[in-house]
Structures are given as structure tokens and as C-alpha cells.
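Position 1 is the first residue of the sequence; numbering continues from there. Since the structure is predicted, the reported quantities are computational estimates derived from the model, not experimental observations. Note that ligands are numbered from 1 as they come in the structure, with each ligand's atoms numbered from 1 the same way.
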Amino acid sequence: MEYWDTKIMIKSPLLALVLIGTGASLVACQKSSNYDIDSANITEENQLRPIKINQVGYQTNANKVAIIPAVNSTIFSLIEVASNKEVFSGKLSEVKVWKLAGEGEFKHADFSNFSEQGSYKIRVSGVNDSASFTIGDDIYEDLHKSSLKAFYYNRASIALTEDLATKWQRQAGHLDNEVLVHQSAASEYRPEGTAIASTKGWYDAGDYGKYIVNSGIATYTLLSSYEHHSTLYNTLDLSIPESSDNIPDIINEVKWNLDWMATMQDKDGSVYHKLTTLGWPGKEMPHEDTRQRFVIGKSSAAAYDFAATMAVASRVFRQFEDQYPGQAEQWLSAAVSAWQWADKTPVTPYKQPSDVTSGEYGDDNVSDERKWAAAELFLTTEDQTYLTAFNAQTDKIDVPSWQSVAALGYLSLSNHGETLLSAQAYQQIKDQVIGLADKIINQLDNSPYLVPMTEADYVWGSNSVAANKALILNTALQLTDNQKYKLAMADILSYLLGRNPTDYSFITGFGYKPPMHIHHRPSVSDNIIEPVPGLLAGGPQNGQQDNCDYPADLPATSYVDDWCSFASNEIAINWNAPLVYLLASVIQE
Ligand SMILES: [Ca+2]
Ligand SMILES: [Ca+2]
């Protein structure tokens, strides 16, 4: 993601330019309200505090809870929109507070026992009616498709045509067929200034860089979503250029990035850390950013992440051998040579060269990257040497993120390792996954806002922390068939879709109050009012590294829908990928 280091931000004259002139976007999208109840007994404070709901809706068999601002009333009604009649009523919970939000007292309206499909709103004396919402099945299909199509919209090196991209069509940018080797990435095979082709791939985030570390986890997550929900994906038509071939569209989409990743390897197996311009691109469309791009730096993290991702890709693409002959073998060979380079080379952290200010994705601890790569290479080759390497790294499972990926190895082994591991070793892997899943359930059970988010989770990209918990929960669901994990995933989705202290649905294009000024260059530069749909905002966290004008300062409320806010309102491929996974898991029967 962008502008990770605030020191870079202050030093960058380009960024200063970018930040000027964003004041106009400060006006947040206003909720379109059509309230029709007597508001005489609604306090001024509660006029401003809406009932928080999942703005897209609730599945019939999910837990269904709305958050009601402090009221004297002890009961609530569920009103059918068409008839304006009460169809269900219940008691409100006792008063609750959440210190991470600090918005005062609230209550829960729990209508989980009501499961008739339709359009409804919540009515409570003393507060405005909620906006209307749907109860039904098949309510997340469009959202899921859109969150995956967001990767198509972030493709480098290709024009997005009107038939597929509608009003977000755009010219091709960043063909990357003559990228130069930066001094920091030079080798005897490719000296400084060597031109290489490194086309395709996804733009990493709101900028136009392509970064191996972040691409690794994002690509893995989409491949896992395919592996764990293949029935869903075998018929999913994304309306992308490859929709008429005989490959699932998610696989086509992921291959766009894998093809790029494969070009990032030097002849000795080492892997370039990133491909970017020296500084940040301007506030401009892809085709307008014509400055020279470079492959920059090499790192152990990039090599291990590359090895892991290519090993997974090889495993998945074996089933498409007829369509892509030799592809699986080629990627496995690339994975092995990256592993061998990383293992024989002293740990090489990425060091930002003095003439470069694009994102760093620096990670000095590659124990977890090595563990992940070992797991994937073991599963793909069945070579015990890799299992020994996996066991040699002591990293425990934790919610995955770009710089902490040990969990990905555990998840892959629990999904594919049963016949390859001893019964005892497999049980230990399962115990770790289920143990972490139960820890997440415990966080949810203790959360006044019904979301498994602790203070430590409110880091940059906090919404991806919430979404990444689905990888753990869905694997635990598959291992145990205990439906509590599925209910927890639906609660995480409700949080992301508006049942949160900010009242925003954090996904562009969905809900009555989505981000409209997302930090995404194409969205801010294309003269289309609506941002590209299906993008997950980074979400609240109170670091406020962008120095934008935030309406609130606590961890769960420090969010502003403004282009200015790269620290709360940017997008990134490693945030959208777990959103795709979460949605597929919630949709799957
Ligand atoms: Ca296809
Ligand atoms: Ca790491």
C-alpha cells in the first residue's frame, strides 16, 4: 500500500502536490433518508445517530442484529417496507458501550429468529427508522462478483473496454515492456539499465506500483478462494476478456498477475522486490503516467513469497494442464529456484535506495515467509526436505497479513496435508487452526459491536484484518462442520457493510453510504462520480498518518471518506482478496 512511511510523505514534493486541492472532496456522501415516523420524541443527538445495519442485508439463516443508539425504549419492531406493518417485534438488549468507538451507549435489536425474505426496516421509539434492508438468500452474489472484478479494474497493461468495464472503461497504461533494472537490482546477468519486459499484473493499491510481497499473499488468497469454493467459481462469469474460454474466470484473473510475477525473477533465482517509478505517480489515469519504471531491489521476503505463491499456482494449474501445457511445471521450477536462492543467501531485507520513494513493504523477519514457502513446496512436490524446513521455523499461526504469512502455510497444510502428514502432525496443524478460530469466536462473543476486532487489530488496513479472519474461520468450518464459524463470518461481513461505528459500508458501490472518495487514482481521475465498484476501503485506525481532517479519533471511528486519506480510505489487492474469500465463504452452502 501507499505512503507507508510518513517520513517519505513529508519529504515528497510530489505528494504535497497531490494533497493540494482535495478539499472539495471533504463532503461525505449523505445518506438518502426517507423517514416517515413521528420524530417528535427523537433527541437531537439521536437524530444524528442512525440505527446501524448491514446495508446490503442479512441471509435468512444468519444472525440478524441491528445496533440501536441509546433510547429509553426496551422494544423494537421489524417493519415490512411494502406494507409499513410490523411483522416481528422483540426486546432490546441491555445497554452496551464499546470503548474503541466511544460513541456512547447503544442496544442490540436481535431479529435472528425472523427469516422471511423481503425488504424491512427497524423501528424503535426515540430514534429514526433504520434505512431499509433485505433479508434473503442470494443477496451477496453481486457484491462477491464485484469484489473480484475489482482486480480486473486494477489490471496493468490492458485497456478496459466499455463492453466489460462500462463507464469505468479506460485506456491501457503501463505496458511495462521496457522496464529498466535499477542499480539496486543489478546482477551479472542483468546489469543496471538492462531493459526487461514485465507486463501485466495488478496495480497494488491506489498507486500504480507492482510489489511482489503484497502480490504474493493477494494471489494466494484468491487461489485459496478458488480451491475452497470451486463449485461457485466454476460457473461464475465476471465479464472479463477471458470469459468465453473454458477456464474459470477467477483463474483467468489470477493468471494475469501470475504471468507478471513470473517475469520478476532474475536468472539466478533471485526475485525483484518491486516494479515502480522512482517516486509516486501523480493524480492521473494509468495511461498518463508515462515516466520510466524500474525493477527495484531484491529481498529474501520477495523470494520466499514468490516461491510460495508459484508453488501454490503450480498445484492449482495442474488441473488446467490441457489449456496451459507446461505452465504448472514452469512455475514449480521458478518456485524451487527462488527458494534455493533465498536459502543459500544471507537474509536480505529490502533497503529503499536513496533515489526511490515508492512503497517499501520492508520486512526484516522472514522466518514466517520461509515457513509458508516450505509448506507450499512440500504440498506441491511431496519432498520431505521442505516439511523439515517448515518444522524448523517456530512461527505460530496468527491472522495473516502481508508481513506475517506463517498462517498461510498452516492453512494450506490443513486443507491439503491430511494424506501427506503423519496423523499426529496433521492433528497438530488442525489444532492450531481451530485454536485460533476459537480465539476469534471468543473475541466476537465478547464484542459489544458483534465483531471480532480488538484494539490491536486497528492497524493500517484494519478492514483487511477483519476479512482475513475469514481464512481461519472458513478452514475451521471445513475441518469441523461447526456452523458457529460460518455465523461469525456473516457477522464480520455485517461489520464491513455498515454495522460499524462509522455507519459506512466500506465497499464502493454497495450499501446506502459507501465510500465515494476512495484513495484510488483511476477513481479520482476518471471524471466519473462513482468510484470503481467492489473496492474495500482500508478502514478505521487512529494513526492518521495522512494528517487529513478526521471526524473522530478512536480506533474504530478514525475514518474519513476523502481522497486525502491514504491511511484509512485507500484500497489494496491484499485487502480485496480476503473480502472475496469472506464473501465466497458466506455465500457457499
Ligand atoms: Ca474464463
Ligand atoms: Ca515476515
Side-chain angles (χ1 to χ4, degrees), residues 1 4 145 148-149 151-152 155 158 161 163-164 200 211-218 220-223 225-226 229-259 271 273-274 297-309 316-317 319-320 322-324 327 338-339 342-343 346-351 359-376 389-390 392-411 459-461 464-465 468 574 580:
M1 84 214 61
W4 186 266
K145 193 169 151 176
L148 186 50
K149 188 153 179 179
F151 289 83
Y152 163 73
R155 282 189 191 188
I158 189 174
T161 53
D163 56 329
L164 305 176
K200 301 197 194 174
Y211 303 77
I212 284 291
V213 167
N214 215 37
S215 259
I217 183 172
Y220 166 91
T221 303
L222 291 187
L223 285 171
S225 199
Y226 170 72
H229 314 102
S230 56
T231 311
L232 173 67
Y233 289 113
N234 284 336
T235 55
L236 186 70
D237 183 341
L238 289 176
S239 299
I240 57 175
E242 305 83 6
S243 284
S244 56
D245 70 6
N246 60 350
I247 306 279
D249 282 3
I250 187 174
I251 293 297
N252 297 125
E253 193 52 58
V254 171
K255 189 169 183 295
W256 188 265
N257 202 56
L258 286 164
D259 286 345
V271 177
H273 192 74
K274 63 179 176 180
K298 287 177 176 174
S299 68
S300 305
Y304 282 127
D305 284 345
F306 177 99
T309 308
V316 172
F317 273 72
Q319 61 190 287
F320 304 112
D322 288 349
Q323 295 94 329
Y324 302 117
Q327 186 67 84
W339 167 273
D343 252 27
V347 170
T348 310
Y350 174 73
K351 281 201 198 75
E360 285 201 41
Y361 287 111
D363 183 0
D364 294 352
N365 178 1
V366 295
S367 171
D368 54 307
E369 281 76 13
R370 184 171 192 268
K371 191 172 183 80
W372 175 34
E376 303 301 354
F390 175 84
Q393 307 300 132
T394 56
D395 306 69
K396 299 285 185 228
I397 191 170
D398 203 353
V399 178
S401 65
W402 68 263
Q403 75 276 51
S404 178
V405 292
L408 308 183
Y410 285 99
L411 294 173
V459 293
W460 198 313
S464 75
V465 180
N468 267 314
N574 65 315
V580 169

- Message: Can you see whether Y324 engages K255 through a side-chain donor-acceptor pair at a distance of less than 3.5 angstrom?
- Response: no

Does the plane of the ring in [X] sit parallel, tilted or perpendicular to the ring in [Y]? Use 30° and 60° as the thresholds.
| X | Y | result |
| --- | --- | --- |
| Y410 | F390 | perpendicular |
| W339 | Y304 | perpendicular |
| Y220 | W372 | perpendicular |

- Query: Quick one: salt bridge (Lys or Arg N to Asp or Glu O under 4.0 Å) pairs with a partner in residues 235-250, sequence neighbours left out?
  - Reply: R155-E242

- Note on the structure: So the angle subtended at the Ca ion (ligand 2) by E369 atom OE2 and D363 atom OD2, rounded to 10 degrees, is 60°

- Within the stated cut-off of 3.0 Å, is an N/O/S atom of S367 closer than that to the Ca ion (ligand 2)? no

- Item | S404 near the Ca ion (ligand 2): N/O/S under 3.0 Å | no

- Before accepting this row, confirm whether a basic side-chain N of the pair K200/D259 lies closer than 4.0 Å to the acidic partner's carboxylate O. yes

- Message: Just to verify, which of T221, N234, V580 counts as forming a side-chain contact (heavy atoms from CB on, under 4.5 Å) with Y226?
- Response: N234

- Message: What protein N/O/S atoms are there under 3.0 Å from the Ca ion (ligand 1), waters excluded?
- Response: E242 O, D245 OD1, I247 O, D249 OD1, N252 OD1

